[in-house]
Q: 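Provided herewith is a single structure, encoded as structure tokens, for subsequent inquiry.
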Amino acid sequence: AEREELESRLLASEAALAAARAQQAAADAERARRTIRAPFAGIIERRTAAPGSMVQPGDEVLTLVDARTLELEAALPADASPRVRVGARVRASTSGAGAPALTGTIVRIAPALDPVTRQLRVTIAIANPQGRLPIGAFVEGTLVPADSLGGR
């Protein structure tokens, strides 16, 4: 009788353990469903939802930026358009003492001039691996002539 009692308790304990594991798996699945993961490591620039708030699929929760490569939006005079191409190098600098010298590359060129300003919009990628250039900084840039790069 004692053995049957112990076996019964063992079966009950094993069932309780299996139920607890199932609850843990369900809780882990629910936590994973409620967790938002970014496809890259970055810095939160702006938070539009508070932790714990209810959001719907597609709602903006935060803005995450990868500060290792920054994009500079620039407007160039229309007469510069013959010299501008994707891959062209740009020397960039910020104001202030000790400001780092930066080099960027044109990654996108607008297909048409801006109808209001008659300027050519370009996007320049600037490597920022140490994060020396703060996000939102004012930057001045100069196109690097192709002949100064050995004809490239």
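Just so you know, these numbers come straight off a predicted model, no measurement behind them.
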Q: Taking atom CD of Gln24 and atom CG of Leu17, what is their separation to the nearest 0.5 Å?
A: 11.5 Å
Q: Hey, any chance Leu64 and Val61 share a hydrophobic cluster, counting ILVMFWY side chains that come within less than 4.5 Å of each other, even indirectly?
A: yes
Q: Are the side chains of Gln119 and Leu76 in contact, using a 4.5 Å heavy-atom criterion?
A: no
Q: Which heavy atom of Thr48 sits nearest a heavy atom of Glu60, and at what distance?
A: OG1-O, 2.9 Å
Q: Could you go through Asp28 and Arg31, starting from their C-alpha distance and side-chain angles, then the distance that decides it, and tell me whether this counts as side-chain contact (heavy atoms from CB on, under 4.5 Å)?
A: CA-CA 5 Å; Asp28 289 344; Arg31 184 179 316 107; 3.0 Å; yes
Q: Tell me whether Val86 shares a hydrophobic cluster with Val122, the cluster being built from Ile, Leu, Val, Met, Phe, Trp, Tyr side chains joined at under 4.5 Å.
A: yes
Q: With a 4.5 Å cut-off on side-chain heavy-atom distances among I, L, V, M, F, W and Y, is there a chain of contacts connecting Phe40 to Ile36?
A: yes
Q: I need the minimum non-hydrogen distance between Leu120 and Ala110, along with the two atoms involved.
A: CD1-O, 3.6 Å
Q: I'd like to know whether Arg89 forms a side-chain contact (heavy atoms from CB on, under 4.5 Å) with Thr105, so could you lay out the CA-CA distance, the side-chain angles of the two residues, the decisive distance to 0.1 Å, and finally the verdict.
A: CA-CA 5 Å; Arg89 306 280 300 220; Thr105 305; 4.2 Å; yes
Q: Looking at Asn128 and Ala67, what are the two nearest heavy atoms and their distance?
A: ND2-O, 3.0 Å
Q: Is the shortest heavy-atom distance from the side chain of Glu73 to the side chain of Thr123 under 4.5 Å?
A: yes
Q: Tell me whether Glu71 at atom CD has more than 12 heavy atoms from other residues, nucleotides or ligands lying less than 6.0 Å away.
A: yes
Q: Compare every heavy atom of Ala78 with every heavy atom of Arg118, then report the nearest pair and how far apart it is.
A: O-CB, 3.6 Å
Q: Which distance, rounded to the nearest 0.5 Å, do you find between the CZ of Arg3 and the CG of Leu10?
A: 11.0 Å
Q: Taking only residues two or more places apart in sequence or in another chain, which ones pass salt bridge (charged side-chain N to carboxylate O under 4.0 Å, His left out) with Arg83?
A: none
Q: Answer yes if Ile43 and Leu70 sit in the same cluster of Ile, Leu, Val, Met, Phe, Trp and Tyr residues linked by side chain heavy atoms under 4.5 Å apart, and no otherwise.
A: yes
Q: If you take all heavy atoms of Ile124 and Ala74, which pair is closest and at what distance?
A: CD1-CB, 4.2 Å
Q: CD of Glu4 to CD of Glu7: how many Å apart, nearest 0.5 Å?
A: 7.0 Å
Q: Looking only at heavy atoms, what is the nearest atom pair of Val90 and Ile106, with distance?
A: CG2-CG1, 3.9 Å
Q: Could you state whether Val65 and Val107 fall into the same hydrophobic cluster, counting links through intermediate Ile, Leu, Val, Met, Phe, Trp or Tyr residues with side-chain heavy atoms under 4.5 angstrom apart?
A: no
